[in-house]
Amino acid sequence: MEPPKEANDIDRGCINCWSGPRCVSTSLMYSFAQRADAEVLDEPLYASYLTLTGLPRPYRDFVLAEQSTDGNAVVKDQLLAPRSRPVLYAKHMGKHKLGITGELFKRAQHMILVREPYGVLQSFSAVLEPTQQELGYTVGRTPILRSLPPTRRRAPIVINSDELIRQPEGVLRALCAALGLAWDPAMLSWAAGPKPYDGCWASWWYRNTHKSVGGYCSKGPLEDLQKTGTHVYVQDPRNEDVLIGIRDGVWRPHARVSVLDSGYMLGDGVWEGIRLHNGVLLLAEEHLERLAEGAKALDMELGLGAPGAGLAEQLGALQQMLYDTVDANGMTSGVHIRLMVTRGLKPTPYQNPNTTIGKPTIVIVPEYKEASPVPRERGIRLFTVHVRRGAPDVQDPGWNSHSKLNCIAACIQANKAGVDEALMLDPQGFVATCNSTNFFIVRKGEVWAPSPRHQLRGITRARVLTLCQQHGIPCRETDFYLTQACGRIAEEAFVTGTFAGVIPVVEVDGRVIGGGRRGPVAERLQQLYADFVEQYCAAGRRQL
């Protein structure tokens with residue numbers, strides 16, 4: 001098929017995407033590969049680039065054997081040549097423009113895929129040593145703009161990869177319109193695993209993308225490539241119609257709570273996050289005891305069991321509600337549960353607990369939610385915020401309450417700083433905790449945990465300290481300064497939480513911790529904790 005051309009000799013069916021590394025360019029190529037009218041090429045100018053630069057690659061010989069080393073011949077014989085389908089989509093790295101004459105830029109369509117540079121640097125450094133040349137900032141997308149004919153330089157198609165992640169359908173629809181293509185919903189999803197059109201370097205660079213199931217609608221392939229954080233997860237379409245557990249045994253796909261509920265109006269309630277693994281609620285007894293302790297401190301009855309039921313009977317009834325909910329959904333593993341208990345309904349907006357109608361509201365939200373493997377391997381970045389953890393006589397930091405504004409304010413400051421989580425100090429200036437996880441450091445092989453006075457009594461935190469004691473890892477709970485957390489002697493840092501277990505910290509306030517990657521102590525504790533989870537759940541469901 002001859003390429004379709006316009007009067008100005010532009011082949012609108014030849015679409016070239018130029019990007020830097022780690023900009024979800026592979027996912028975008030997969031999108032176009034789903035179109036019935038398109039074929040795709042994965043970095044066809046790579047061999048030419050390697051030949052001109054002499055750069056080493058572990059797969060260099062494979063690339064040189066598979067592709068032509070003459071980039072302009074590739075342009076003539078592949079990109080601008082007759083093709084079998086109306087659309088040819090070519091994925092390029094911006095730096096691969098090296099040595100390519102202007103013919104391609106005069107006669108084809110081009111778009112530029114960009115990403116915030118710091119995110120590129122963080123992601124790329126996990127695979128190769130980042131340099132300006134490798135990142136494409138010396139021979140890359142700016143020279144490509146200059147290569148476009150003057151009449152086409154006015155409105156280049158530029159795509160922000162973060163916007164593509166947040167609004168895949170909207171961005172892809174706009175992109176198709178700009179390229180003169182009809183919209184095809186097939187572009188939103190694809191199967192997991194390697195693709196026949198992947199370059200021979202795929203096993204080095206595309207592993208996370210290959211793990212993804214679905215496509216843009218689930219954010220899987222994109223989020224795996226870019227996102228870090230303590231609560232990054234692989235989205236699952238099964239969550240669209242899970243049954244929500246409500247008091248009195250009502251299972252509703254579209255569960256609702258009244259606007260007059262104490263939790264909605266006042267943040268008056270307590271909650272827990274619990275994992276389900278192999279059909280067993282992990283450490284349910286400890287989670288439910290912590291919830292009951294917070295409820296008691298807030299003078300809130302659970303209202304479960306027979307009249308006058310003791311604590312053990314009420315917690316047993318609450319655990320049964322949890323199991324009834326996950327069983328009704330057919331859930332066994334990879335499930336995260338949010339259990340919420342609020343004081344209940346109000347006749348009118350008013351904070352006094354005495355003006356409450358009936359029993360507390362109990363809601364159980366189970367979701368298929370597997371933690372992304374990316375933060376577990378690459379680690380997260382923290383920023384020390386001005387928001388402090390308060391003293392117990394202000395609002396007890398040991399309450400896992402619905403009123404989370406102290407932590408939310410810290411999280412907002414961390415977001416503004418462009419990091420994954422906030423590191424919070426206590427009123428005396430010692431390191432206390434993160435906004436949603438518990439913090440640890442490793443100094444001279446010894447694990448240090450901040451004093452528990454100004455933080456939530458973390459259940460995973462306590463388990464990690466126990467694992468250290470059981471397996472000969474020196475540990476202590478102590479006050480320490482920020483200097484001790486990110487100074488030269490700090491070999492490692494990590495955080496713990498119910499959702500993701502143990503996650504390394506690689507940077508605090510822009511200062512690299514240890515070698516800037518997961519350390520041996522964090523890696524060992526990850527394995528010890530995973531082994532503990534398997535052993536605990538192998539014993540089956542427990543009665544409280």
Hey, do the aromatic rings of Y481 and F430 have their centres closer than 6.0 Å? yes

Kindly compute the distance separating CE (M331) from CG (L243), expressed to the nearest 0.5 Å. 8.5 Å

Least distance between heavy atoms, F439 atom then V505 atom: CE1-CG2, 4.4 Å

Among all residues two or more places apart in sequence or in another chain, which pass the side chain to side chain donor-acceptor pair (under 3.5 Å) test with Q314? none

Of all heavy-atom pairs between P397 and R453, which one has the smallest distance, and what is that distance? CG-O, 3.8 Å

Around atom CZ of F532, are there more than 12 heavy atoms from other residues, nucleotides or ligands closer than 6.0 Å? yes

Could you please spell out the steps behind the side chain to side chain contact (heavy atoms under 4.5 Å, CB included) verdict for K346 and S262? CA-CA 7 Å; K346 297 280 190 183; S262 299; 3.4 Å; yes

Heavy-atom closest pair, residues Q484 and A490: O-CB, 3.6 Å

For D198 and Y30, test the side chains for any donor-to-acceptor distance below 3.5 angstrom and give the result as yes or no. yes

Nearest-0.5 Å distance, NZ of residue K369 to CZ of residue F499: 6.0 Å

Checking the side chain of S161 only, and the main-chain atoms of V114 only, is there a donor and an acceptor separated by less than 3.5 Å? yes

To the closest 0.5 Å, what do you measure between CZ (R290) and CG (L456)? 4.5 Å

Using the side chain to side chain donor-acceptor pair (under 3.5 Å) criterion, which residues pair with R524? Sequence neighbours excluded. none

Verify whether one side chain among E163 and Q167 offers a donor that lies under 3.5 Å from an acceptor in the other. yes

Using side chain to side chain contact (heavy atoms under 4.5 Å, CB included), reason through L322 and L288 one step at a time and then give a plain yes or no. CA-CA 11 Å; L322 289 164; L288 296 182; 4.1 Å; yes

Say you draw a straight line from NE2 of H287 to CG of L315; how long is it, rounded to the nearest 0.5 Å? 13.5 Å

For the NE2 atom on H386, are there more than 12 heavy atoms of other groups (residues, nucleotides or ligands in this structure) within a distance under 6.0 Å? no

Would you list the atom pairs, donor with acceptor, under 3.5 Å between side chains in residues 509-516 and any protein atom, with sequence neighbours excluded?
from : atom 1 : to   : atom 2 : distance (Å)
D509 : OD1    : T384 : N      : 2.6
D509 : OD1    : T384 : OG1    : 3.3
D509 : OD2    : T384 : OG1    : 2.8

Between R461 and E477 (salt bridge meaning N to carboxylate O under 4.0 Å), is one present in this structure? yes

Nearest heavy-atom contact between T325 and I364 is OG1-CD1, 3.7 Å

Could you go step by step and tell me if T478 and R476 meet the side-chain hydrogen bond (donor to acceptor under 3.5 Å, both in side chains) rule? CA-CA 6 Å; T478 185; R476 68 165 98 170; 4.6 Å; no

Atom CE in M187, atom OG in S27: separation rounded to 0.5 Å? 12.0 Å

Measure the CZ-CG distance between R542 and L283 for me, rounded to the nearest 0.5 Å. 8.0 Å

Shortest non-hydrogen contact from N329 toward Y368: O-OH, 3.5 Å

Determine the interplanar angle of the F480 and W448 rings, folded into 0 to 90°, and report it as parallel if under 30°, tilted if 30 to 60°, perpendicular if over 60°. tilted

Could you tell me whether the side chain of R343 reaches within less than 4.5 Å of the side chain of L298, counting heavy atoms only? yes

State which residue, out of V447, V521, V431, fulfils the side chain to side chain contact (heavy atoms under 4.5 Å, CB included) condition with F440. V447

Decide yes or no for V385 and M424: does some side-chain heavy atom of the first lie under 4.5 Å from some side-chain heavy atom of the second? yes

What are the two closest heavy atoms between L465 and A449, and how far apart are they? CD2-CB, 4.2 Å

